[in-house]
> 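Supplied in C-alpha cells, the structure appears directly below.
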There are 2 protein chains.
Amino acid sequence: MAIDQLDGRILVLLAREPRIGVLEMSRRLGVARGTVQARLDRLQSSGVIQGFGPQVDPAALGYPVTAFATLQIRQGQGPDVRAHLASVPEVLELHTTTGTGDMRCRLVARSNADLQRVIDRVVGFDGIVRASTAIVMENPVPLRIIPLVEQAAADSEGH
Amino acid sequence: MAIDQLDGRILVLLAREPRIGVLEMSRRLGVARGTVQARLDRLQSSGVIQGFGPQVDPAALGYPVTAFATLQIRQGQGPDVRAHLASVPEVLELHTTTGTGDMRCRLVARSNADLQRVIDRVVGFDGIVRASTAIVMENPVPLRIIPLVEQAAADSEGH
DNA sequence: CGTACCGCTGAGCATATTGCCCAGCAGAAA
DNA sequence: TTTCTGCTGGGCAATATGCTCAGCGGTACG
C-alpha cells in the first residue's frame with residue numbers, strides 16, 4: 001500500500017514523460033525491465049495508479065471559463081440532485097462536504113454569459129435550495145500529485 | 001481548435017483504454033493509422049490533450065482525507081501566498097476566484113487529525129487573513145471530461 | 001542453523017508496434 | 001483547371017512488448 005523510493009521514482013518519471021515505455025524506464029532508473037514491469041502492475045492493481053487517461057484541457061475544447069458552485073440541498077434530495085448534476089456535461093466534478101446538505105461542483109462554460117446558462121441548468125432543479133458561485137480567475141497551482149508522491153516515498157524511507 | 005467527431009471518438013477511446021496503441025486505435029475506429037497519428041499530434045500540439053500523466057489516487061498513497069479551504073488574502077500578498085501554498089505537498093490545487101482576495105485550494109491529509117496539521121501549515125502564513133475549511137465526504141462525480149468532449153464533438157457536427 | 005519464500009537481475013525469443021517513408025485519391029478552395 | 005489538404009493503404013527497419021527461465025541475495029520462520 002505504501003510506496004517506496006523506486007515506486008516514487010517510477011511515478012515521477014511517468015508524470016514527466018508519460019509516453020515513455022517500460023524498457024526506457026528501466027534504463028533511466030537503472031533497474032531491470034521485469035522490476036519496472038512488476039512495480040507498475042502492483043501500482044495499478046493496488047489502485048495507486050488509477051489510469052493513464054488523457055488530460056483534456058476544457059479551454060482548448062471551447063470552455064475557457066471555470067467556476068465553483070456551492071449548493072445547499074433539501075434533506076433527502078441528495079440522490080436526485082446527484083443524478084441531475086451527473087447528467088450535465090459542464091459539471092466536471094462533484095463533492096459532498098461537511099455542512100447541512102452541502103455540495104460543491106466544478107463547472108465550465110463557453111463564456112461568462114454561457115456560464116449563466118450552465119448555472120441555470122444546474123440549479124434549476126427541485127431540491128436545490130440555494131447556490132452560490134465563484135468564478136475562477138487564475139489557477140496558480142494546477143492539479144498536481146508529484147510533490148505528494150515524493151513526500152510519500154520519502155516517508156517510507158525509514159521503513 | 002474545435003474538435004470533430006473523429007477527434008471526439010479518439011478522446012473517448014483513449015479515456016476508456018489509455019494504454020491502447022495507435023495501431024489498435026485505428027482498427028477500432030476504422031480509419032488509417034496515419035490518420036489517427038495525425039489527429040493525435042494535432043490534439044496534443046493544439047493543447048486539447050495536455051498529457052497522459054498517471055492518475056494517482058491520494059487515498060492509495062495514504063492520504064484518504066480531502067478538504068477544500070477558502071482563504072482570504074491580504075491585499076498585495078497574493079504572490080507570496082501562492083508561493084507558500086505551492087510549497088506544501090498536501091495542496092493539490094489552487095485557484096483564485098472572484099471575491100476580494102479569495103483563493104480556494106484542495107487539500108489532502110492522512111487523517112482528520114492530520115488535516116489539522118496541514119491546515120495549520122497552510123494558514124500559518126502571514127498574508128492569510130481568514131480561512132474556512134470543508135471536509136469532503138463523498139465524491140459522487142469524480143473529475144471527468146468525457147461528457148464534455150462528447151458535447152463538444154456533437155456541437156461541431158453541423159459544422 | 002537450515003530452509004523456504006520473495007523480489008530483483010539479466011537474458012532470450014516470437015510477436016506486435018512504432019516511426020517514417022511513399023504514391024494515389026477525393027474534396028474544397030482559388 | 002489547378003492547388004492544397006487530409007485520408008488511405010502499403011512497405012520498411014528498428015524497437016518494444018509479453019513471456020519465459022535460472023541464478024542470487026536478502027528475510028522470515030521453524
Side-chain angles (χ1 to χ4, degrees), chain A residues 1-57 60-62 149-150 152-159, chain B residues 1-57 60-62 149-150 152-159:
Chain A
M1 177 124 283
I3 64 172
D4 65 8
Q5 314 89 283
L6 181 54
D7 289 323
R9 290 204 296 153
I10 289 175
L11 288 173
V12 171
L13 187 53
L14 218 38
R16 268 198 256 277
E17 303 179 53
R19 274 328 224 188
I20 201 175
V22 175
L23 184 56
E24 179 63 20
M25 237 186 288
S26 71
R27 282 194 282 253
R28 304 266 188 100
L29 298 174
V31 296
R33 178 164 68 110
T35 304
V36 176
Q37 196 77 261
R39 294 302 190 105
L40 267 183
D41 289 347
R42 195 173 62 77
L43 286 172
Q44 293 199 67
S45 60
S46 73
V48 174
I49 296 180
Q50 295 183 311
F52 294 89
Q55 296 159 332
V56 177
D57 181 13
L61 236 43
V149 166
E150 287 172 338
D155 284 356
S156 70
E157 276 286 345
H159 56 307
Chain B
M1 178 123 283
I3 65 173
D4 65 9
Q5 311 91 283
L6 182 54
D7 289 323
R9 290 203 297 153
I10 288 176
L11 287 173
V12 171
L13 186 54
L14 218 38
R16 269 198 254 280
E17 303 178 53
R19 273 329 223 188
I20 201 176
V22 174
L23 185 56
E24 179 63 20
M25 237 185 289
S26 71
R27 282 194 283 253
R28 304 268 188 101
L29 298 174
V31 296
R33 179 165 68 111
T35 304
V36 176
Q37 196 77 262
R39 293 302 190 105
L40 267 183
D41 289 347
R42 195 174 63 78
L43 286 171
Q44 293 198 67
S45 61
S46 74
V48 174
I49 296 180
Q50 294 183 309
F52 294 89
Q55 296 159 331
V56 178
D57 181 13
L61 236 44
V149 167
E150 288 172 338
D155 284 355
S156 70
E157 276 285 346
H159 58 304

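For clarity, every value in this text was computed on a predicted model and none was experimentally measured. Naming: A, B, ... by sequence-line order, numbering from 1 per chain.
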> Using atom CD1 of B:Ile3 as one end and atom C1' of D:dG6 as the other, report the distance to the nearest whole Å.
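It works out to 18 Å between those atoms.
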> Which part of the nucleic acid, if any, lies within reach of A:Gln37 when heavy atoms closer than 4.0 Å are counted: base, sugar-phosphate only, or nothing?
sugar-phosphate
> Just the rounded figure in Å: distance from P of C:dT18 to CE of B:Met25.
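For the pair B:Met25 CE and C:dT18 P, the rounded distance is 8 Å.
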> Phosphate oxygens OP1/OP2 of C:dT17: is one of them under 4.0 Å from a side-chain N or O of B:Arg27?
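Indeed, a polar side-chain atom of B:Arg27 lies that close.
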> Check for a donor-acceptor pair, side chain of B:Thr35 on one end and backbone N or O of B:Val31 on the other, with a separation under 3.5 Å.
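Between the backbone of B:Val31 and the side chain of B:Thr35 there is no qualifying donor-acceptor contact (under 3.5 Å).
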> By nearest nucleotide on DNA chain D, pick out whichever of A:Ile20 and B:Asp4 is the more 5' one.
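Closest to the 5' end, via its nearest nucleotide, is B:Asp4.
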> Of A:Val36 and A:Arg33, whose closest DNA chain C nucleotide lies nearer the 5' terminus?
A:Val36
> Nearest 0.5 Å please: distance from the CE atom of B:Met25 over to the CZ atom of B:Arg33.
12.0 Å
> Is the shortest side-chain N/O distance from B:Arg39 to OP1 or OP2 of D:dG6 below 4.0 Å?
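Result: no.
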> Take the protein atom CZ of B:Arg19 and the nucleotide atom P of D:dT17, then report the distance between them rounded to whole Å.
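Distance check: B:Arg19 CZ to D:dT17 P gives 9 Å.
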> Rounded off to whole Å, could you give me the CZ-to-P distance for the B:Arg42 and D:dT5 pair?
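It works out to 15 Å between those atoms.
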> Between atom CG in B:Leu40 and atom P in C:dG19, what is the gap in whole Å?
10 Å
> Figure out the CG/C1' separation between A:Leu23 and C:dT15, and round it to whole Å.
16 Å
> Out of curiosity, B:Gln5 CD to B:Glu150 CD, how far, rounded to the nearest 0.5 Å?
12.5 Å
> Using atom CD of B:Glu24 as one end and atom C1' of C:dT18 as the other, report the distance to the nearest whole Å.
14 Å
> Could you tell me the separation between the CZ atom of A:Arg39 and the CG atom of A:Leu11, rounded to the nearest 0.5 Å?
10.5 Å
> Please report the distance, rounded to the nearest Å, between CD in A:Gln5 and P in C:dC8.
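For the pair A:Gln5 CD and C:dC8 P, the rounded distance is 12 Å.
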